[in-house]
Structure formats: C-alpha cells, structure tokens
Amino acid sequence: MTVTELANYLATTADTVRYYTRLKLLNPTKSANGYKAYSGRDVKRLKFILSARHLGFTVSDIETILAEADHGKTVCSLARELIKRRLEETEKQFQAMLQLRERVTLALEKWQDMDNRAPSSDMVCHLIEGSDKSTIQQQ
C-alpha cells in the first residue's frame, strides 16, 4: 500500500502518514521503484495512532505505548494512566477557559456603554488598558 492509498484507506492525509513515518511509528519497506510500501501491520498501527490521537493522547504517549507493546508488554494499564493524566490536564484547561469566558463577558458588558477614544501618548486603547484584573472582576 502506498502513502496515498494508506491515507485514503484510513480517511487521513498523506502528510499524516509521512509524519508518523518520519517519527518511525510506521515502518514501510522500499519497493523496487523507490516508493514506500506500507504493510497490514502499518495499517493497524496507524489506525491505533489515529484513534489514540482522537482520544487526546500525545505523540509522546503513543510512542511510549507502542514501544511497550513492541516489547510484548501489556499496555492497557499504561493507557489508563496516561488517559487519566490527559483528563486532568483537559479539566484544568477547561476551567481556565471558563474563567477566560467570564472575564471576556464581564469586559464586554463593562465596555458596552463606554466611548471610543483615539490612541494617545499614554494609551493605545482605554478599554483594554483600563480593564485591569480587579476592575473586571468587580462588575
């Protein structure tokens, strides 16, 4: 299977296939004409990689999981631990985004009735520069 055939088969891009090949997560052989030929094993590995990425595993996580699996080790407990970490990280990011949304909403409410001013030697935009942390949180 060629790069394009593999990409089409798994509904991804040829660049994605090439990327994971460069990382040596896929190991195609070179055909007589110099093209890379991907095996059934590569298809399974790329399918695994794409599924893992979809769940939020990092490339580093995937490299670790595949390295362990390549040595015949059971990797399910490792996968559970890694996905637990991803969930914790995602929760932190989610909470940070909620806080940002709240700050932006409060700023927009505060700015609604404020006038527009031209930049001055002291300020670029009085809306932004006048919106320090305490002012926005007080609203």
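Values below: all heavy atoms of this structure, side chains included; hydrogens, waters and symmetry mates excluded.
More than 12 heavy-atom neighbours from other residues, nucleotides or ligands sit within 6.0 angstrom of CG on Asn33. Under a cut-off of 6.0 angstrom, the local environment of CG in Asp70 is crowded, with over 12 non-hydrogen atoms contributed by other residues, nucleotides or ligands.
When side chains are defined from C-beta on, Val75 does not count as touching Leu66, because their heavy atoms never get closer than 4.5 Å. The side-chain heavy atoms of Trp111 and Ile128, taken from C-beta on, include a pair separated by under 4.5 Å. For the pair Val17 and Tyr38, the minimum side-chain heavy-atom distance is below 4.5 Å. Put simply, the side chain of Met114 reaches to within 4.5 Å of the side chain of His126, judged on heavy atoms. The shortest distance between side-chain heavy atoms of Leu50 and Thr16 falls below 4.5 Å. In this structure, the side chains of Thr29 and Lys36 stay at 4.5 Å or more apart for every pair of heavy atoms. Side chains of Lys84 and Arg80 form no contact here, defined as non-hydrogen atoms less than 4.5 Å apart.
A donor-acceptor contact shorter than 3.5 Å is absent between the side chain of Glu102 and the backbone of Leu98. Under a 3.5 Å cut-off, the side chain of Glu68 and the backbone N or O of Thr74 do not form any donor-acceptor pair.
A donor atom on one side chain and an acceptor atom on the other are found under 3.5 Å apart for Asp61 and Thr58. Side-chain N/O atoms of Glu91 and Gln95 include a donor and acceptor closer than 3.5 Å.
For the atom pair CG of Leu25 and CZ of Phe48, the computed distance is 10.0 Å after rounding to the nearest 0.5 Å.
With salt bridges taken as basic N to acidic carboxylate O contacts below 4.0 Å, one links Arg86 and Glu89.
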